[in-house]
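Data block below; observations after.
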Number of protein chains: 2
Amino acid sequence: MHPDGEKRSSRRSTRSVTLAEVAEHAGVSPQTVSRAIRQPGVVSEDTLERVQASIRSTGYVPNLAASNLASNRSRTIAVLIPAVSASVFAETVQGLETVLAPHGYHLFIGTTEYSLQQEEEMLRAFLGRRPDGIVLVGTEHTPGAQTLLSAARVPVVESWELTQHPVDSVVGFSNYAAMSALVEHVHSLGYRFPVLAGQFSGGDVRALRRRAAFEDGMRRLFPQVPVRILDSGTAGVSMDAGRDLFRQARTELPQADVIMFSSDVFAAGALLEALRSGTSVPTEIGITGFGGFDVGRHLVPTLTTMLVPSRRIGEEAGRVLLERIESGQKPSSSTIVDVGHTLVAGESTAQQ
Amino acid sequence: MHPDGEKRSSRRSTRSVTLAEVAEHAGVSPQTVSRAIRQPGVVSEDTLERVQASIRSTGYVPNLAASNLASNRSRTIAVLIPAVSASVFAETVQGLETVLAPHGYHLFIGTTEYSLQQEEEMLRAFLGRRPDGIVLVGTEHTPGAQTLLSAARVPVVESWELTQHPVDSVVGFSNYAAMSALVEHVHSLGYRFPVLAGQFSGGDVRALRRRAAFEDGMRRLFPQVPVRILDSGTAGVSMDAGRDLFRQARTELPQADVIMFSSDVFAAGALLEALRSGTSVPTEIGITGFGGFDVGRHLVPTLTTMLVPSRRIGEEAGRVLLERIESGQKPSSSTIVDVGHTLVAGESTAQQ
DNA sequence: TTGAAAGCGCTAACAC
DNA sequence: GTGTTAGCGCTTTCAA
C-alpha cells in the first residue's frame, strides 16, 4: 500500500500516529499539516479539509514534546503551592486554570509543604519542563531559587503577598495590612485584651507577617496590654488544632476578651469547641479568623474574619502571565496587582 | 576559548545550557554526561565528579522535552478531576503527588466540571503531552474518550467508583454499596421516613449511583414509605444549597424524620441552618451526610456520615500506576482496588 | 499557498 | 567505561 512504510526506525516504541503519516495520508507535505493545525487560515480551504479528514481518520494527536522542542514553547505553566488540599490554594489553582486552559496552557502542580527548601527543589525539577510561566506562593525564596528564577527567563508571578521588589510580577494582598485592619477593627469594637493564636513555626511566612502586624498593632493601639501569642507548633492547620488553641487560651489567658486566630480553620474549630463546651461567643469571648474559609459564613455565630479573594488571585495571576507571555515577556516593568482584602464583621465579635 | 562555539544555529532562542555544553566543559562526550545524570553508577568516579562540577558551574537544567522525545517517556501523569476546589478531589491529588513525586513524575491537572464532554476534550489535549499514566474520576466516559484511552497505550486508573470492567485499572469504592449501608443504618436506628436531598442534575454520575442505592434501599427496607427526593438542581454543591434543601425538606416533607444528604457539604449547611433556626437535631429531625468533609466531625451535633478515604484513593492510584509503568505496562490483568468506606455514627442521628 | 532542508536537545543502539 | 551515529516528531527558515 504505502511504498516506504517500512523505513520506520526501530527506535520508535510508540505506535502513535505522526504528522508525517497524516501528511502521507492526505497527500501533502508534513509542513502543510502543521500549518493546517496551527494557522488554518493560511492553508487553502481544499487542503484544509483534506488534512482535517486525515487527522480524524488516523486519530492523530500532536506530540507536544516534539512541538515544544522545535518551537521552544511548552504551553505549560509551573505552579508551586504549599499544599493542594489547603482549599484556599486550590481556589487559586482553579482560578489559574479557568484563565489559562482556554489559551491552551496546561498546569503543572507541585506542593512545597510550606518549605522554601522544597520549593527550590520542585522548581529545579519543573524547570526541566521549560514552562512558559511560573506561579509561586509567597515572595520569599531561597537564594538558589532566586537564581533559578532569573535564569529561567520566563514570566514569574509571585502571589498571596505583596512586595515592591518582586522577582518579576506579584499578585496578592498585604498580609500585614490585612491583619492590621483586623486589629483596628477589634480595637474599635472596644475589646481590651486581644491575643493571637495560630501556627507560627510551620514555615508559613505569610502567617509570620500577620503575627508582626498583630504585634505592631498591639503596641500601637493597646500599649498597656502585654502582647500574648499562642503557637500551635507544627501540628498543622486543622480544626482540631483550633479547638486545642481555644482551650489553651481560655485556661492560660483568662484575661483575654478576644482571640484572634491566624486562620479561619483554627477559628472555626474554636467556635465549635466553644459551642460544645457551652462558652458563649461573643458574650464571654470574641473570636476572629483570617482567610475566608466558606464555613465561617454559616457558623453560629458567623465568624468575623478577613476575606481573601483566593480565586481572584489565581485569575489575575493567569492574566498577568498571559499578557507577559504574549508580549514577548519583556521583564522590563514588573506588574504589581493588589487584590485587596475585605473585613467581614460577623457575629463572633460584638461592640463591648 | 572554544573552537567551535560559533557553530550554534540561529534557531536557538533560549540561552539555556545544553548537555553538549556541559560535555564540552567537562571534556567528555554528551553521552557520558547523559549517563552521569541518569545512571551515575555506570560512570567512573573520576568522570562523574568532573561532570557534576560542570553541571553545577554551568547551571545546567536538563530539557525534559528533549528527553521525552528521545526516550519516549514523559515522566508525566495526567490527572482529570471534576474540580480542584471541591476539597475531596484535592485530597486525592495530594495523595497522588505524595506517591509519584519521589519517583520523578509530575502531575498535569485538569478539571472537567463534572462534564463527560469536557473530560474528553481535556483528555485529548493532555494526550498531546504523552503522559506515562492517566488518572480519571469515575468509570463512565464518552465513547470518544474510551477510544482515546485505549489508543494511548498507557496505564489508566479510574477512581472514586468501582466497576468489574475498568478501562485498565480502578481504585475506589462502591458508591452504591456505601449509600446502601447508610440507608440500612438509618433503618436500624428505627427511622420511619427518610428522604434524600442533594444535587442530581449536575452531571455527577457518582451522586446518581448513591441516589439509586437510596431508591433501592427504600423499596427494600421501607416498602410502605414513598420514595421522596429533593434535587437542588444545578445550584452547585455548597453549604448555602444545603441550607436551602433543609428548609425545603422541612416545609414540603414535614413527615420526614431523617434527611439524607448526598454530600457532607449539604449536610453541614443543613446542620447549621437547623442550629440557626432552632430546630433540634437529632430530636426533631435526623441528618446524614456523605463523603467525609472534615467539618462534620466538629459540628454540634457531630455529623453521621459515610467516610470516604479520598487521600488513600490518590495514594493507591499512584502505586498502581507506578507498578504498571515500571512493569512495562502490560494491560493484561486489570487491578481493582476497593478502598472501602466507613460509617461514622455521629450525633446527628439517634435511636428512635 | 506549498515544500525541502535543517535542527531543537536529548537518548537508544552499537561500537570500541 | 566511553564515544559515535542516528534519530525521536515537530517547527523554523528559506525557497519556489
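Letters go in sequence order (proteins before strands), and every chain restarts at 1.
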Gln117(B): side-chain contact (heavy atoms from CB on, under 4.5 Å) partners, not counting sequence neighbours: Ser115(B), Glu120(B), Glu121(B), Thr142(B)

Partners passing side-chain contact (heavy atoms from CB on, under 4.5 Å) against Ser169(B) (at least two apart in sequence or in another chain): Val157(B), Val320(B), Arg324(B), Thr335(B)

Contacts of Asn63(A) that satisfy side-chain contact (heavy atoms from CB on, under 4.5 Å) - sequence neighbours left out: Ala65(A), Ala66(A), Leu69(B), Arg130(B)

Proximal nucleotide (of dC8(C), dT12(D), dT11(C)) relative to the Leu69(A) side chain: dC8(C)

Interface residues of residues 57-67 of chain B with DNA chain C (non-hydrogen, below 4.0 angstrom): Tyr60(B), Pro62(B), Asn63(B), Ala66(B), Ser67(B)

Pairs of donor and acceptor atoms involving the side chains of residues 26-35 of chain B, under 3.5 Å and at least two apart or interchain, shall be tabulated with distances.
residue	atom	partner	partner atom	Å
Ser29(B)	OG	Gln31(B)	N	3.4
Ser29(B)	OG	Thr32(B)	N	3.3
Ser29(B)	OG	Thr32(B)	OG1	3.2
Ser34(B)	OG	Arg38(B)	NE	3.2
Ser34(B)	OG	Arg38(B)	NH2	2.9

Nearest-Å distance for atom pair CD/C1', residues Glu45(A) and dT1(C): 14 Å

Separation of atom CG in Asn72(B) from atom P in dG9(D), rounded to whole Å: 7 Å

Test item: Glu158(A) side-chain N/O and Leu136(A) main-chain N/O as donor-acceptor pair under 3.5 Å: no

For Thr92(A), all residues meeting side chain to side chain donor-acceptor pair (under 3.5 Å), sequence neighbours excluded: Trp160(A)

Short side-chain N/O contact from Thr18(A) to OP1 or OP2 of dG9(D), under 4.0 Å: no

Contacts table for residues 102-112 of chain B: side-chain donor-acceptor under 3.5 angstrom, sequence neighbours left out:
residue	atom	partner	partner atom	Å
Tyr105(B)	OH	Arg73(B)	NH2	2.9
His106(B)	ND1	Arg129(A)	NE	3.1
His106(B)	ND1	Arg129(A)	NH2	3.4
Thr111(B)	OG1	Glu97(A)	OE2	3.1
Thr112(B)	OG1	Tyr114(B)	N	3.3

Results of side chain to side chain donor-acceptor pair (under 3.5 Å) for Glu161(B) - residues two or more places apart only: Asn175(B), Arg209(B)

Residue Ala70(A), side-chain atoms from C-beta onward, closest of dT11(C), dT12(D), dG7(C): dG7(C)

Within residues 121-128 of chain B, residues whose heavy atoms come under 4.0 Å of DNA chain C: none

Residues that Ser44(B) engages under side-chain contact (heavy atoms from CB on, under 4.5 Å), provided they are two or more places apart: Asp46(B), Thr47(B)

Enumerate all atom pairs, one protein N or O and one N or O from nucleotides 1-3 of chain D, separated by less than 3.5 Å.
residue	atom	partner	partner atom	Å
dT2(D)	OP1	Ser44(B)	OG	3.1
dT2(D)	OP1	Thr47(B)	OG1	2.5
dT2(D)	OP2	Ser44(B)	N	2.9
dT2(D)	OP2	Thr47(B)	OG1	3.4
dG3(D)	OP2	Ser29(B)	N	3.0
dG3(D)	OP2	Ser29(B)	OG	3.1
dG3(D)	OP2	Thr32(B)	OG1	2.5
dG3(D)	N7	Arg35(B)	NH2	2.7
dG3(D)	O6	Arg35(B)	NH1	3.3

Partner residues of Arg311(B) under the salt bridge (charged side-chain N to carboxylate O under 4.0 Å, His left out) criterion, sequence neighbours left out: Glu91(B), Glu315(B)

